[in-house]
Student: 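Following this message is one structure expressed as structure tokens.
The chains referred to below are lettered A, B, ... by the order of the sequence lines, with proteins before strands, and numbering in each begins at 1.
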2 protein chains.
Amino acid sequence: MTELLICGASFKEDERARLETAYPSAYVDGPDDMASLDEATRAGIKAIAYKGHKPFGGEAMDLFPSLGVVANYGVGYDAIDVAAASARGVKVTNTPNVLNDDVADIAIGMLIAQFRTMMRGEAHVRSGDWAKQGEIPLNRKVTGASVGIVGLGRIGREIADRCAAFKMDIHYTSRSEKETPGWTYHSDVVAMAAAVDVLIIALVGGAETVGHVSKAAIDALGPRGVIINISRGTTVDEGALLDALEQGRIAGAGLDVFLNEPNIDPRFTALDNVVLQPHQGSGSVETRRAMAELQLENIANFLSGKDLVTPVN
Amino acid sequence: MTELLICGASFKEDERARLETAYPSAYVDGPDDMASLDEATRAGIKAIAYKGHKPFGGEAMDLFPSLGVVANYGVGYDAIDVAAASARGVKVTNTPNVLNDDVADIAIGMLIAQFRTMMRGEAHVRSGDWAKQGEIPLNRKVTGASVGIVGLGRIGREIADRCAAFKMDIHYTSRSEKETPGWTYHSDVVAMAAAVDVLIIALVGGAETVGHVSKAAIDALGPRGVIINISRGTTVDEGALLDALEQGRIAGAGLDVFLNEPNIDPRFTALDNVVLQPHQGSGSVETRRAMAELQLENIANFLSGKDLVTPVN
């Protein structure tokens, strides 16, 4: 009996092979292809290993009468309609924590690269312009910057801990004030933006945080302001961000996430004050393996009647 | 009376203007042009504000019978023959400490960029390949790496403190064991290279450290090894480094310094496993201003008979 459905064209070969080795399984590229599975197969599916950003809602879940768990690959599960899952008695799991370090590392990497114009530096050396034209323009000191972490969850905390080693003045927003070593809490992102040079967005995705870093927050950040986003493209007003970057109303950005990835707004690639990464926050070999193992562990625990490791509902 | 000679084509306009505003001064591009100054001017010069990497030796110093101080712009003063200066009763000053943070920041920036293939990531987004070809290959986790700091001086210490925030296993070499929070001391760089994944070179330049990171050290580092250099091109056996990078005997490098800068060996730009920066370690607006101010302070103190702030001999 096929109990597992693997869903997601973005699964790497080895990830898919690991799942297929563990359980007899069917495969589809995405939720839109689920209806094409024959009814007998669908009837047997108890677990879905999910990866990707395509919306997976209640209607698709209803194709699987025995479905008990949707195990998402990734910490962000905004593609999955959790309310619809809960209404059907379907559990959802994700892969938190194992990717915190990687995502925080990319946030700091983009911050340093943006402040210190490292992409320009690299091009300057590789093109031979260093020898022909001399030094690149002076840039901006990273250490001691004032930084506002938007969302001091698990990833935000890892980012803040790294920022502390760069002697930064640390501010944060979160649902409630947290116990921190002298960091400044703000209940409002606009007020925080006015107090800092750098906003690092570490929110969860989903409907609740759409446009959370608003035009007002971007305006409050001001001409020395830099926005780093490692969360989801949805968490910032992307149109307002592009306007501000184009008009020099903020200094720059470092972005690993975008609306409509990977078909991002071409206005981004016309900018030279932004560091652009292809949503690779968790993209180390080590971390992706840990995420795949945690996804499989959730599935295995479900199918053998044990407690889920990282349930979200 | 012209008491100050400004020497160095690499002085920025505002840096030179600040010195010229402070004291009646003469200017030359480098030590080779000093003999072209008329004898009366040379006779009056008591202080030289120096910037650059051209050798400045005893013969050039002898052109200035009243010379009392050579104030170097930069922490590394390997271009200046300090022994020759001392033999003539000439003091040498540099600009330490004010640039430690910037240089450490660039070291960490290059480490993250190398491990996480950020230059490739940036090109992937900007070229549109992300939309056409999908994700970049998985790369390498930064957090938790084992790192060996070659030279735990003031800059090395700043680098190590930042590495600690990335939960790295920290090893170091230095002339003697230091008081550290659980870091591992090695008296020998080859032994340390065998124990770590990353070598970060934070040595002083000069004759004593030429080729300190030897072919043997590079070989000991092994195929997962990465070399980060923010010190001087001289401190590593550059030929051996290039061979190892080309042959995949080490994994990569992040280099801000090279032999014969800015005319670097073209073999570097043919490599895709290296991050290359144009010796911009201290190149933030804030830090360069602090360096210029410290240089001027040393000159001012000397000319007014006060103690030098940062003498090196």
Student: What residue in A:I112, A:I136, A:V125 has the most heavy-atom pairs under 4.5 Å with chain B?
Tutor: A:V125
Student: When only pairs under 4.5 Å are counted, which of A:T117, A:L138, A:D129, A:I106 shares the most heavy-atom pairs with chain B?
Tutor: A:L138
Student: Between B:F268 and chain A, which part of the residue has a heavy atom less than 4.5 Å away: side chain, backbone, both or neither?
Tutor: backbone
Student: Specify which of A:Q277, A:K132, A:H279, A:E286 makes the most heavy-atom pairs with chain B at under 4.5 Å.
Tutor: A:Q277
Student: Start with the C-alpha distance between B:R116 and A:D105, add both sets of side-chain angles, then the distance that settles salt bridge (Lys or Arg N to Asp or Glu O under 4.0 Å), and finish with yes or no.
Tutor: CA-CA 9 Å; B:R116 300 304 305 274; A:D105 293 346; 5.1 Å; no
Student: For the residue pair B:E122 and A:V274, what are the closest heavy atoms and their distance?
Tutor: OE2-O, 3.5 Å
Student: Name the region of B:L271, side chain, backbone, both or neither, that has any atom closer than 4.5 Å to a heavy atom of chain A.
Tutor: backbone
Student: In sequence, state the C-alpha distance, the side-chain angles, and the governing distance for B:Q280 and A:M118, and then conclude on side-chain contact (heavy atoms from CB on, under 4.5 Å).
Tutor: CA-CA 9 Å; B:Q280 67 131 323; A:M118 287 182 67; 4.2 Å; yes
Student: If you tally heavy-atom pairs under 4.5 Å against chain B, which of A:S282, A:P262, A:A123, A:A104 wins?
Tutor: A:P262
Student: Between atom CZ of B:R126 and atom OG1 of A:T269, what is the distance when rounded to the nearest 0.5 Å?
Tutor: 7.0 Å
Student: Hey, could you give me the CZ/CG distance between A:F166 and B:D161, rounded to the nearest 0.5 Å?
Tutor: 10.5 Å
Student: Using a cut-off of under 4.5 Å on heavy-atom pairs, state which of A:R120, A:R288, A:H124 scores highest against chain B.
Tutor: A:R288
Student: For the atom pair CG (A:D102) and CG (B:N139), what is the distance rounded to the nearest 0.5 Å?
Tutor: 7.5 Å
Student: Pick from A:M119, A:E135, A:K141: which one has the most heavy-atom pairs with chain B under 4.5 Å?
Tutor: A:K141
Student: Would A:T287 and B:R140 count as having a side-chain donor-acceptor pair, cut-off 3.5 Å?
Tutor: no
Student: Please determine whether side-chain contact (heavy atoms from CB on, under 4.5 Å) holds for the pair B:I264 and A:W130, giving the CA-CA distance in whole Å, both sets of side-chain angles, and the decisive distance to 0.1 Å.
Tutor: CA-CA 9 Å; B:I264 69 169; A:W130 189 18; 3.7 Å; yes
Student: Could you go through the side-chain contact (heavy atoms from CB on, under 4.5 Å) check for B:K167 and A:E158 one step at a time?
Tutor: CA-CA 11 Å; B:K167 305 166 193 172; A:E158 290 292 339; 2.9 Å; yes
